[in-house]
Amino acid sequence: MDIVKLKNIQEKLVQRVIREGRPYIEYIGGVDLAFSGDRRFAFVTIVVIKFPDLEVVEVVKEKDNVKFPYIPGFLAFRELPPILKALRRVRTKIDLMMVDGHGIAHPRRLGIASHLGVVKNIPTIGVAKSILVGKFETPDDRKGSYSYIYDRDEIIGVVLRTKKGTKPIFLSIGHMISLDYAIEITLKCVKGYRIPEPTRLAHIEVENMRRGQNALW
DNA sequence: GCGACAG
DNA sequence: ATCTTGTCGC
């Protein structure tokens, strides 16, 4: 594993990222991963919900061997293989994928959400729980308020308050969607919790999976 | 050189 | 991400 080569891959793929688009959305997918205690296995869950009613229409669970360590800025090389494996079994035609992690709010503008979008050629949004790069002001404590995340003079995402009284989330364009539309869709996916339904439900499901509640995995 | 650093 | 109990606040 050579960091220089991985950077080259990211710098090549980032050229294909499209930062605009207002795709018609009927089905939204949410992905999340969990790892076994010994770190050898990765569990993945993809939850597909119908938009805008947010009703779950499909859940796919997959397990894979971990082949790469976690290195800030290179999360996709660790988590994308398991995700792609699970994605092959999804039957619903997904119009938008929400990923746990950043999109272009990344040092080289190719966080895992953007990486997935480019590789699969689908619209994606990055929904992270903490900052990776950039500066921002804390948004007002009202649901829906947000402030921009800047890296130098570039706007790379927003810090979005999805629920009053809780920490905001960090949203960024993944691929083939504008920031405004990403914010709009994400807010419509919030049901009363900090995390929007797609990734929130995926997280709950993958956590059940990891605990061996399904020892069959 | 020092600190930051998605999940 | 995972490990882990209680505790503070709406």
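Chain letters run A, B, ... following the sequence lines, proteins first and then strands; every chain starts at 1.
- Here A/Gly165 lies out of heavy-atom contact (under 4.0 Å) with every strand.
- Contacts of A/Gly126 with the nucleic acid, taken as non-hydrogen atoms under 4.0 Å apart, are absent.
- In this structure, A/Glu26 places its CD atom where more than 12 heavy-atom neighbours from other residues, nucleotides or ligands lie under 6.0 Å away.
- Checked against B/dC5, B/dG7, B/dA6, the side chain of A/His102 finds its nearest nucleotide in B/dA6.
- One finds no side-chain N or O of A/Arg40 lying less than 4.0 angstrom from the OP1 or OP2 phosphate oxygen of C/dT2.
- An aromatic stacking contact links A/Tyr70 with the base of B/dG7, defined here by ring centres under 5.5 Å apart and ring planes under 30° from parallel.
- When the nucleotides C/dT2, B/dA6, B/dC5 are ranked by their closest atom to the side chain of A/Ala34, C/dT2 comes out on top.
- Atom pair A/Phe74:CZ and C/dA1:C1' shows a separation of 18 Å (rounding to whole Å applied).
- Below 30°, between 30° and 60°, or above 60°: for A/Phe77 and A/Phe74 the angle between ring planes is between 30° and 60°, a tilted geometry.
- Rounded to an integer number of Å, the gap from NZ of A/Lys167 to P of C/dC8 is 19 Å.
- OP1 or OP2 of B/dG7 sits under 4.0 Å from a side-chain N or O of A/Ser130.
- Between the CG atom of A/Leu75 and the P atom of B/dG7 there is a distance of 8 Å, rounded to whole Å.
- Closest to the side chain of A/Ile131, out of B/dC5, C/dT2, B/dG7, is B/dC5.
- A/Lys129 has a side-chain polar atom (N or O) that falls below the 4.0 Å cut-off from OP1 or OP2 of B/dG7.
- Note: NZ (A/Lys135) to C1' (B/dC5) measures 14 Å, nearest angstrom.
- Rounded to a whole Å, the CD1 atom of A/Ile112 is 19 Å from the P atom of B/dC5.
- Cation-pi check for A/Lys50 over A/Tyr27 is met; the charged atom lies under 6.0 angstrom from the ring centroid and within 45 degrees of its normal.
- Close to C/dA1, at under 4.0 Å from its OP1 or OP2, lies no side-chain N or O of A/Arg39.
- What separates CD1 of A/Ile71 from C1' of B/dA6 is a distance of 13 Å, to the nearest Å.
- Salt bridge absent: A/Arg22 and A/Asp180 never bring a charged side-chain N and a carboxylate O closer than 4.0 Å.
- Taking 4.5 Å as the limit, every side-chain heavy atom of A/His115 sits out of range of all side-chain heavy atoms of A/His106.
- Distance, A/Phe77 CZ to B/dG7 P: 18 Å, rounded to whole Å.
- Between the P atom of B/dG7 and the CZ atom of A/Phe170 lies a distance of 9 Å, rounded to the nearest Å.
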